[in-house]
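This report refers to the structure that appears directly beneath it.
All chains are named by letter (A, B, ...) in the order of the sequence lines, taking the proteins before the strands, and each is independently numbered beginning at 1.
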Amino acid sequence: MRLSRLFGETLREAPADAEFISHQLLVRAGYIRQLGAGIFSYLPLARRVMDKIENIMREEMNAIGGQELTMPVVHPAEIWKETGRWYQIGSEMGRMKDSTGRDMVLAMTHEEVVTDLVRDIIHSYRQLPALIYHIQTKWRDEPRSRGGLIRVREFTMKDSYSLDRDWEGLDKQYWAHYQAYFNIFNRCDLPTIAVESDVGMMGGKQAHEFMYLTPIGEDTLVLCDACGYTANRQVATFRKPEPEPEEPKPLEKVPTPDTKTIEDLANFLGIPQSKTAKAVFMVATITEGQEDVQKFVFAVVRGDMDLNETKLANAVKAKELRPAHEEEIKAIGAEPGYGSPIGIKRENVIVVVDDLVTKSPNLVAGANEEGYHYLNVNYGRDFTADIVADIVAAADGYACPECGAPLRTVRGVEVGNIFKLGTRYSAAMGALFQDKDGTRKPVIMGSYGIGVGRLMASVVEEHHDDYGIIWPITIAPYQVHIVALKGGYDVAEQLYQALQDAGVETLFDDRTEPSPGEKFNDADLIGIPLRLTVGGRSLKKGGVELKRRAEKDIALVPVDEVVARVQQEIEVMTEAIMAKVRGDAT
RNA sequence: CGGGGAGUAGCGCAGUUCGGUAGCGCGCUUGGUUUGGGUCCAAGAGGUCGUCGGUUCGAAUCCGGCCUCCCCGACCA
């Protein structure tokens with residue numbers, strides 16, 4: 001490709017609204033343009049990177065038995081009503097009507113379509129297992145997109161779906177994906193870790209997220225350096241400290257003016273925060289039968305710990321969970337800032353108590369009266385719970401659930417995820433097969449996704465310097481970038497031709513107007529892994545200059561050896577990445 | 001949805017306080033110059049100042065509504 005003809009241009013300055021490095025560089029280097037919030041065009045350079053990424057995905061999916069197909073972006077709402085997600089999912093789902101007034105859905109994922117295909121096509125256990133996938137557009141109307149390509153509303157995803165007759169089969173395909181995903185990320189030279197995760201709106205049994213660790217990440221992960229335990233903070237557990245046993249003391253109401261926070265309270269009474277109980281008021285939307293009902297959720301955790309809303313939502317099987325308004329809190333007889341489950345109204349209220357609170361004696365808790373707390377509150381004697389569960393968020397320094405060593409929290413970007421769905425969709429939609437014994441059973445499913453654009457942006461976050469992007473050879477839009485300078489244009493033309501004939505993907509900066517400095521800067525910005533500088537100066541010295549984008553060294557290569565030398569460099573760089581892939585695969 | 005910020009030429013910005021009919025740098029076009037890390041000179045093109053309405057002799061500027069984008073939070077395969 002001749003740079004003079006390339007559709008797209010480099011910018012000296014990044015748009016003011018680009019905050020993340022990947023966003024700035026991808027815009028400045030001419031890869032992407034924004035159309036609206038979370039909606040982007042992908043220019044020819046980005047298209048080529050995405051093609052490379054998608055082909056890596058295809059190879060890894062095909063290697064574990066995947067078959068590629070294409071499913072539609074627009075779905076009749078009926079199938080989403082069949083699984084209930086039409087009702088469960090809120091504004092994140094794109095809905096519209098066709099010209100006859102029928103409800104339609106913009107694809108946010110494809111379980112429903114897959115399941116519809118399965119009930120159409122799969123009849124017998126002989127057709128299982130199977131694995132199908134496609135790479136296609138998704139629309140998720142995120143309340144807030146951000147960070148360039150890190151979180152968008154319209155995006156391309158590789159999503160695959162495993163179909164099995166039994167749970168062993170699902171397990172096998174699940175772990176095959178687990179390894180295939182590491183292969184994909186490693187081939188893109190993106191370091192990732194897998195963490196246990198919440199099943200969220202997908203439902204199902206088990207899930208992992210693949211995380212690229214970076215401070216700009218939106219997810220908080222909990223890691224144990226000692227034993228390797230990893231989990232998304234949403235589901236991370238930890239070993240709770242065993243409270244000192246004490247004889248229960250009599251309940252006592254004391255004035256505690258201006259102690260609306262746990263910190264104030266602990267300071268006022270001169271006790272550690274671990275000797276207090278904290279009330280958190282939420283309102284949950286819970287599906288009961290066909291309808292959604294709102295329930296007040298009264299959560300109690302120890303004062304020194306934070307509520308984990310995902311755990312709480314799972315404990316009460318909530319579809320939605322939001323903080324309660326002050327009027328709602330007062331309506332049940334509680335007082336914000338001085339709340340406790342003692343003496344509140346219990347109808348339509350779910351009291352959820354963290355399991356550690358039930359074992360902690362003589363806590364200080366609110367008296368549901370402005371300016372007063374109770375001393376020596378004990379679970380069982382003074383209050384009870386509808387649900388006792390672990391509802392506390394893991395934090396830095398807490399004990400690892402596996403080995404007890406201190407946990408560490410880090411931020412990460414979720415670049416992929418895998419889910420054991422089980423029969424949630426097949427049962428709901430009647431996707432049954434006849435097993436060997438003649439019985440009809442729902443197909444056991446898994447679903448697996450990787451966002452292409454987010455992966456591309458993550459690679460830029462990981463591989464760049466002050467001057468621009470540094471693409472890994474495996475997904476670079478071109479393999480070599482020829483910079484032609486004065487006195488070298490004819491030779492550059494010949495090399496461009498020769499490299500293309502040899503099958504080397506070449507970007508040729510044939511522009512005559514820009515100064516050498518501009519051309520070098522553009523080359524650095526665009527980030528092609530190899531650069532060939534062809535100019536009168538080096539030709540006089542006997543060749544052209546070959547430089548890796550990632551390194552400073554420049555090699556002088558005789559013109560007639562350039563093609564072979566470039567091919568060799570590509571091979572070496574590719575091999576370096578593939579060695580990592582194989583290393584992680586063992 | 002709550003909080004904050006911003007919409008002026010392709011990009012980055014000034015001008016708004018105190019109303020007088022729009023400017024700078026980069027980019028773009030043309031000519032010259034220069035040619036190994038964003039040369040220099042000159043001449044140009046390009047903007048209904050997000051939008052609708054109001055106040056006024058006169059609005060980028062004051063007032064009101066709306067739209068859009070960004071950041072933080074809520075939310076989130």
Once you round it to whole Å, what is the distance between [atom2] of [N] and [atom1] of [X]?
| X | N | atom1 | atom2 | answer |
| --- | --- | --- | --- | --- |
| A/Asp17 | B/G4 | CG | C1' | 16 Å |
| A/Arg322 | B/C75 | CZ | C1' | 13 Å |
| A/Glu209 | B/C76 | CD | C1' | 11 Å |
| A/Phe281 | B/A74 | CZ | P | 19 Å |
| A/Glu218 | B/A74 | CD | P | 11 Å |
| A/Glu309 | B/A74 | CD | P | 8 Å |
| A/Asp141 | B/C1 | CG | C1' | 13 Å |
| A/Glu13 | B/G25 | CD | C1' | 8 Å |

Nearest-Å distance once atom [atom1] is located in both [N] and [M]:
| N | M | atom1 | answer |
| --- | --- | --- | --- |
| B/G15 | B/U61 | C1' | 9 Å |
| B/G64 | B/C24 | C1' | 33 Å |
| B/G47 | B/G54 | P | 26 Å |
| B/G73 | B/A14 | P | 26 Å |
| B/C57 | B/G12 | P | 38 Å |
| B/U16 | B/G23 | C1' | 14 Å |
| B/U48 | B/G53 | C1' | 16 Å |
| B/U39 | B/U34 | C1' | 6 Å |

May I ask you to say what [X] touches in the nucleic acid, namely base, sugar-phosphate or nothing, with a heavy-atom cut-off under 4.0 Å?
| X | answer |
| --- | --- |
| A/Gly147 | sugar-phosphate |
| A/Glu19 | sugar-phosphate |
| A/Gln34 | sugar-phosphate |
| A/Ala207 | nothing |

For [N], which nucleotide is its Watson-Crick or G-U wobble mate, given both distances must be under 3.5 Å?
| N | result |
| --- | --- |
| B/U39 | none |
| B/G2 | B/C72 |
| B/C28 | B/G44 |
| B/U56 | none |

query: What string of B, S and - do you get for nucleotides 31-43 of chain B, 5' to 3', if B is base contact, S is sugar-phosphate-only contact and - is no contact with any protein heavy atom under 4.0 Å?
result: ----BBBBS----
message: Strictly below 4.0 Å: does A/Gln234 bring a side-chain N or O up to OP1 or OP2 of B/C76?
response: no
- prompt: Is there a side-chain polar atom (N or O) of A/Arg146 under 4.0 Å from OP1 or OP2 of B/G73?
  reply: yes
field: Nearest-nucleotide comparison on RNA chain B, the residue closer to the 5′ end among A/Asp159 and A/Ala16
entry: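 Upstream on the strand: A/Ala16.
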message: Quick check: on RNA chain B, is the nucleotide nearest A/Leu35 upstream (toward 5') of the one nearest A/Asp219, or the reverse? Name the residue that is more 5'.
response: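 Of the two residues, A/Leu35 wins.
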message: Could you tell me if A/Asp159 and A/His134 have a donor-acceptor pair between their side chains, going purely by distance under 3.5 Å?
response: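 Looking only at side-chain atoms, A/Asp159 and A/His134 do form a donor-acceptor pair, the distance falling under 3.5 Å.
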Who pairs with [X] by salt bridge (Lys or Arg N to Asp or Glu O under 4.0 Å), at least two apart in sequence or on another chain?
| X | result |
| --- | --- |
| A/Glu493 | A/Arg2 |
| A/Asp522 | A/Arg511 |
| A/Arg28 | none |
| A/Lys486 | none |

Could you tell me whether [X] and [Y] have their ring centroids closer than 6.0 angstrom?
| X | Y | value |
| --- | --- | --- |
| A/Tyr133 | A/His177 | no |
| A/Phe185 | A/Tyr212 | no |
| A/His110 | A/Tyr161 | no |

- prompt: What nucleotide among B/C76, B/G12, B/A74 has an atom nearest to a side-chain atom of A/Pro143?
  reply: B/A74
query: Which residues satisfy the side-chain hydrogen bond (donor to acceptor under 3.5 Å, both in side chains) test with A/Thr115, sequence neighbours excluded?
result: none
